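Note that the structure is predicted; figures quoted are calculated from it, not measured. Lettering of chains follows the sequences in order, A, B, ..., and the numbering in each one begins at 1.
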Amino acid sequence: MNRVTLRKTIVACAAMAAALLIVIVLMSLLGSEPLPVRASLCALASFGTSACGLTQDQFDILFQIRLPRILLAAAVGGSLATAGAGYQALLRNPLAEPYLLGISNGAAVGTMIALVFFGAIEWTRPILAFSGALLATLAVYRLARGRAGATPERLILAGVIVTTFLSSVIVFVTVLMDATRIRSFTFWLLGDLSGTSKALLPLTIVITIAGAVALTLHARSLNLLMLGERDAFDLGVEVGRVRIVVFLVASLLVGSSVAASGSVGYVGLVVPHLARLSLGSDNRISIPAAALGGALFVIVADTVARTVIAPRELPVGAITALIGAPLFIYLLRRA
Amino acid sequence: MAVVVCLALLSACTPGRTANEGPRREITDDAGRRVSIPVKVDRVISLAPNLTEIVFAVGAGDRLVGRTSYCDYPPEAKKIPAVGDTIHPNLEPIIALKPQVVLVSTASQLEVFTQQLKGQNIAVFVTDPHDLEGVFRSIEQIGEIVGEKDKANQLVQTLQERTSAVQQAVKYEPLVKVFYQASGEPLYTAGRDSFVTDLIRRAGGASVTADVPGAWPKFSNESALAARPEAIILPTGGSMGAANSNVAEALRQSPAVLQGHVYKINDDHLARPGPRLVDGLEEIARALHPDAFAR
């Protein structure tokens, strides 16, 4: 990495990381229950070691409910945006997105199987979600690759096929399930962060950071791949290996976030696009920027979801889709 | 040409349902529709467990020709052919069973369904109770439909007496702050429009979500924690099996949990607005105010 790019990356990422920290603090002050601002800030600054005059309930709301949920939102957003940026670079298609390609649905089917057959064993969810995401990725990739290579239209079409097929699998499973569990599933399928599992939160965060770092380390190869696979190969990129790495890492990211929160749509589309728009299409900058931006986006979207009709709640996926779908149409018209 | 043939075939299928001819009357249902129903009804299909229970309770179980796969009470109901479940009723077997009336719970996703049955001259009667009185009204309406008015009135009178007995017993008891956990993850509760909220009120409780709009809203974890409920009701067991048998994480430090006031009550007595809802009422009241019933 030359010095100019390195500096630009560091400055952009530092600025976004600072913004992320500020947003985490600000959004933890908002919720269906009002908390005293000064005392909450004081307690947050002490990392929960001091209650700063908050009552036990207020302290629990802040540290047991809101903060874990915000951190999960950050991890889910970071994961999905990073995965989206990875797919877009590898497939040379700005519309490649985990949700639209059916990869989130693959992870959702995996999670459902885990819930139905191993309901009590939480760690089976991310593992089966990862497997589902990987299988869906491979299916889309195989379907999209014609003799002329993967054209953008063919890729989206393959995504539609995989998405609708897996949707019908999901419908099939829900019909077989008992009625009482269906409603919570339909909510979860739209993407919902309210069921934040403390057991899975650290894992989800670790996977997000590791995945973003792994893809950033392959950013140079991805930059060359954007010239075309043959040119990249001639320039010394191990195309096959990079493809496997991106597929594995992106599936892991999508799998862990879907296992934790269901299918939050459009994050992987909106955020990398905005990152490229504002910072250029160099993956060395746009991938880490997408990771941080995805975290910001989902934190804010989920804050809207949990406050706008409080004390009732909306699924966060409804908010991200509300923003993402119009942008998708805009991108489609420009493409 | 093909279109003409199709239309001819379609129209050839429409006439000729003798069972549904003869004198009719109009009864207004909970969707506010005036439903035209034959005076003598001997073929009924129920599309919800609570309605099946009502039909049997008014003594018209022998006139029930179809039910859903969720309808498991009374046990005799299971001998009746199932026509899908409440969420996905199956139109073909419904029509093949030649019912005169189809009983439906709540008005959701009903438009197309009603139109298709109407085309077959089958009446669709909608029930949508929001409180115990509404459930009593359902019982009376269904009694009237199947020609068991006296039996229905008798049943309602018995249920009303049991209800008053409960309310009388808890009359001077202190109100207990109740949280009703319809589901823990994600957290759902009973809102303003739910008959469960009415039940809790009559049982000497004050639901902390009584003013939340909707019947079954998804509820904020932190608001549940901040509400500090003194008792938590978990509808579980029955046809729910082991589902919903744990208190949501946000409520694990609530006064209700710390004092051991978490009450599991058979979901079939709380989620089905039928005669057994009064069992549910009695169970809630006894749980909240054991002393009032020990005397």
Item checked: Residue pairs passing the side-chain hydrogen bond (donor to acceptor under 3.5 Å, both in side chains) test where at least one lies in residues 198-215 of chain B, sequence neighbours excluded ->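 For residues 198-215 of chain B, and leaving out neighbouring residues, the side-chain hydrogen bond (donor to acceptor under 3.5 Å, both in side chains) pairs sorted by first residue read Gln167(B)-Arg202(B), Thr189(B)-Thr209(B), Asp198(B)-Arg201(B), Asp198(B)-Arg202(B), Ser207(B)-Thr209(B).
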Which value, rounded to the nearest 0.5 Å, describes the distance between [X] atom [atom1] and [Y] atom [atom2]?
X         : Y         : atom1 : atom2 : answer
Gln253(B) : Asp60(A)  : CD    : CG    : 6.5 Å
Asp192(A) : Glu185(B) : CG    : CD    : 9.0 Å
Trp216(B) : Arg312(A) : CH2   : CZ    : 15.0 Å
Lys218(B) : Ile309(A) : NZ    : CD1   : 9.0 Å
Asn221(B) : Gln64(A)  : CG    : CD    : 11.5 Å

Margin query: Heavy-atom pairs under 4.5 Å with chain B: which of Arg306(A), Arg66(A), Gln56(A) has the most?
Written below: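 Sorted descending by pairs with chain B, the first entry is Arg66(A).
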Next item on the list: Give a yes or no answer on whether the side chain of Glu222(B) reaches the backbone of Ile61(A) with a donor-acceptor pair at less than 3.5 Å.
Entry: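 No.
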Note to self: Does Tyr263(B) have more than 12 heavy atoms from other residues, nucleotides or ligands lying within 6.0 Å of its OH?
What the structure shows: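 Yes, OH of Tyr263(B) has more than 12 neighbouring heavy atoms, counting only those of other groups under 6.0 Å.
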Next item on the list: Kindly check if the number of other-residue, nucleotide or ligand heavy atoms within 6.0 Å of CD (Glu92(B)) is above 12?
Entry: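 Result for CD/Glu92(B): open.
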